[in-house]
There are 2 protein chains.
Amino acid sequence: MISHKILKRFLLYRICLHKFQRLGFTKVFSYNLGEEAGVTAEQVRKDFSLLGIKGSKRGGYDIEYLLLEINNIFKQNGERYVIIVGMGNIGQALANYQGFRENKIITVAGFDLDPSKYTRKNIIPVHHPDKIDEIVREYGVKTAIIAVPEAAGQEVCDRLVASGIRAVLNFSPIILHVPEHVTVNYVNLRNELESLFYYT
Amino acid sequence: MISHKILKRFLLYRICLHKFQRLGFTKVFSYNLGEEAGVTAEQVRKDFSLLGIKGSKRGGYDIEYLLLEINNIFKQNGERYVIIVGMGNIGQALANYQGFRENKIITVAGFDLDPSKYTRKNIIPVHHPDKIDEIVREYGVKTAIIAVPEAAGQEVCDRLVASGIRAVLNFSPIILHVPEHVTVNYVNLRNELESLFYYT
DNA sequence: GATTTTTTGTGAAAAAAAGTACAAAAAATG
DNA sequence: CATTTTTTGTACTTTTTTTCACAAAAAATC
Ligand SMILES: NC(=O)c1ccc[n+]([C@@H]2O[C@H](COP(=O)([O-])OP(=O)(O)OC[C@H]3O[C@@H](n4cnc5c(N)ncnc54)[C@H](O)[C@@H]3O)[C@@H](O)[C@H]2O)c1
Ligand SMILES: NC(=O)c1ccc[n+]([C@@H]2O[C@H](COP(=O)([O-])OP(=O)(O)OC[C@H]3O[C@@H](n4cnc5c(N)ncnc54)[C@H](O)[C@@H]3O)[C@@H](O)[C@H]2O)c1
């Protein structure tokens, strides 16, 4: 079991590795990657060694191989389906985002109570939340994004969990109560912004 | 100096405290707050004691007082101005969000290269990035949100730093290189989503 | 091909974070 | 008003994370 902290660091390394690749490099040393990612070279090496990811002594690490290994952690080889509940500002921004598809994450459908969201303007089909169960089962979706108002968050979450969802990315400013086998990742944009005021 | 980890926990406590307040409570015990926030009661007490935030033995903590103290950490008493650079999907979602204003965070202006964004449809004025300097100085803005494409992120950041910005919330999937005195907080939505696939 | 240089990989040490345990305060009870 | 109960506040312990340090591997140089 990899800690969430280390998981996040692998995703950070991936961003840096893509940058190096764009710049034409095929190899990196731990200190290159560390400097770019803002961590020490030892940290980089230890993280990789933890997963048995090998470099070559004096030759460094092969970027393509590292990216492959990192993507494997996040199951990029298999089906990566997602649904979005709440097609307001955030839900639509995510649905429109091309970067997910590029990265083999497929947004299967959106759900919203408001029928005005069911138009063809959205690039994904949008349904009434009553259809969550059907779609989740049909595609075997395991991951959902919650982007509904605060007041609806827990209720929507319960419905998702009942449908078989096992991982949730939650944008509502509430703490969700879920069974053991469900993982919740929180994105609280207000908190992210507000934490900055401590430093100003 | 409070660590970023603890800062985030205070903001988490605040979410829970607001919930308790909505439910009509005026006091909490450390174990109430801990349970709601998903941390131990000892952690809660330790965090508060770290900042000299006092409860009363047997009486617990006064919610209003806790909220006041937490808000003080984030300077809610003073001016909290923000600008947004990049008024695309994310930039507009943030600009439209009422929750910031409710929380005394004032989004002064948005900036975008694309003149079609300068319309009155947005609830904040949107200007060409050349006006960043002027607006930042006029309002004494210290905090900025970067929501431009990857390729423009570093350039925009440099411009902001040159204008006197000291804290940045960055949505671009890149690591920003900034001077010592500037704090960057990263929101990488793809990483947040993707980290979930480890658990599915 | 022996020697030097560079860089990985990983135990050991240090630092940071979280959890334990309990004395002290204060409200509630008898 | 003495005793019991409850809950905070914080020293102490344990666990987790990070850094240090250096042997081993491999490329480069002599
Ligand atoms: N937009 C931001 O910048 C921002 C910033 C901070 C936090 N947030 C939080 O993110 C969440 C989403 O924000 P937003 O701006 O996209 O909100 P929004 O109001 O634009 O959209 C919410 C959508 O959810 C739908 N909805 C409501 N109840 C529902 C239900 N039970 N089932 C399905 N759909 C339902 C609404 O019809 C609406 O379309 C909110 O909880 C908000 O507090 C947003
Ligand atoms: N939308 C999402 O769900 C999502 C998900 C993951 C990551 N992101 C990242 O967030 C960032 C913003 O995403 P988005 O979907 O809002 O993008 P977007 O393309 O909708 O908007 C970007 C805006 O920035 C403007 N812009 C470009 N260069 C600029 C410059 N130099 N100065 C000022 N403005 C400039 C463009 O005109 C555009 O309006 C991107 O870096 C993207 O990779 C977005």
Side-chain angles (χ1 to χ4, degrees), chain A residues 1-13 16-17 20 25-70 73 175 183 186 191 195 198-199, chain B residues 1-13 16-17 20 25-70 73 175 183 186 191 195 198-199:
Chain A
M1 208 55 173
I2 308 173
S3 79
H4 193 72
K5 203 164 192 179
I6 297 179
L7 277 186
K8 285 298 209 54
R9 216 153 45 216
F10 277 116
L11 290 166
L12 181 67
Y13 296 153
C16 303
L17 291 170
F20 287 132
F25 295 103
T26 61
K27 302 254 176 187
V28 268
F29 300 132
S30 57
Y31 60 86
N32 301 136
L33 190 49
E35 180 165 30
E36 181 63 24
V39 305
T40 64
E42 296 80 7
Q43 183 82 84
V44 170
R45 295 205 296 277
K46 186 147 262 182
D47 285 342
F48 287 151
S49 115
L50 195 76
L51 295 208
I53 296 174
K54 297 278 180 206
S56 95
K57 292 197 171 157
R58 178 123 211 212
Y61 297 88
D62 184 76
I63 292 178
E64 204 150 345
Y65 162 70
L66 286 182
L67 284 171
L68 215 71
E69 288 288 339
I70 293 174
I73 302 172
I175 310 299
T183 305
Y186 294 91
N191 284 3
S195 67
Y198 175 71
Y199 301 101
Chain B
M1 210 52 172
I2 308 173
S3 79
H4 193 72
K5 203 165 193 180
I6 296 180
L7 277 186
K8 285 299 208 55
R9 217 156 42 218
F10 277 115
L11 290 166
L12 181 67
Y13 296 152
C16 303
L17 291 170
F20 287 132
F25 295 102
T26 61
K27 302 255 176 186
V28 268
F29 299 131
S30 57
Y31 59 86
N32 301 136
L33 191 49
E35 179 164 32
E36 182 63 25
V39 306
T40 64
E42 294 80 8
Q43 183 81 83
V44 170
R45 296 205 297 275
K46 187 158 260 179
D47 285 342
F48 287 150
S49 116
L50 195 75
L51 294 208
I53 296 174
K54 298 279 180 206
S56 94
K57 292 195 172 160
R58 178 122 210 209
Y61 297 88
D62 183 76
I63 292 178
E64 204 149 345
Y65 163 70
L66 287 181
L67 285 171
L68 215 70
E69 288 288 338
I70 292 173
I73 302 171
I175 310 299
T183 305
Y186 293 92
N191 283 5
S195 67
Y198 174 73
Y199 301 101

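No experiment lies behind these values; they were computed from the predicted model shown. Numbered from 1 within each chain, the chains take letters A, B, ... in sequence-line order.
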Check your understanding: Can you tell me how far C1' of C/dG9 sits from CG of A/L33, to the nearest Å?
Key -> 16 Å

Point to revise | OH-CD1 distance between B/Y65 and B/I70, expressed to the nearest 0.5 angstrom | key: 10.5 Å

Review point. Given C/dG11, C/dA25, C/dT8, which nucleotide is nearest the side-chain atoms of B/K57?
Key: C/dA25

Exercise for review: Measure from CD1 on B/I2 to P on C/dA17 and round the result to the nearest Å.
Suggested key: 12 Å

Review point. Taking only side-chain nitrogens and oxygens of B/T40, does any of them come within less than 4.0 Å of OP1 or OP2 of C/dA18?
Key: no

Review point. Any chance the side chains of A/Y13 and A/D47 put a donor and an acceptor closer than 3.5 Å?
Key: yes

Point to revise | Nucleotide nearest B/F29 when distance is taken to its side chain, options D/dT19, D/dA21, D/dT8 | key: D/dT8

Review point. Is the distance from OP1 or OP2 of D/dA26 to the nearest side-chain N or O of A/S56 less than 4.0 Å?
Key: no

Review point. Which is true for A/Y31 with a 4.0 Å heavy-atom rule: it touches a base, it touches only sugar-phosphate, or it touches nothing?
Key: sugar-phosphate

**Study point:** Min side-chain heavy-atom separation B/L33-B/F48 under 4.5 Å
**Key:** yes

Revision key, fill the gap. To the nearest angstrom, the NZ-P distance between A/K46 and C/dG11 comes to 8 Å

Check your understanding: How do A/E42 and A/K5 order along DNA chain C: which one's closest nucleotide is nearer the 5' end?
Key -> A/E42

**Study point:** Residue met sooner reading DNA chain D from 5', once B/G59 and A/I6 are mapped to nucleotides
**Key:** B/G59

Check your understanding: Between C/dT7, C/dG9, D/dT18, which nucleotide gets closest to the side-chain atoms of A/R9?
Key -> D/dT18

Practice item. Name the residue closer to the 5' end of DNA chain D, choosing between A/R58 and A/S3 according to the nucleotide with the nearest heavy atom. Key: A/S3

Practice item. Using the test salt bridge (charged side-chain N to carboxylate O under 4.0 Å, His left out), find all partners of A/K54 that sit at least two apart in sequence or belong to another chain. Key: none

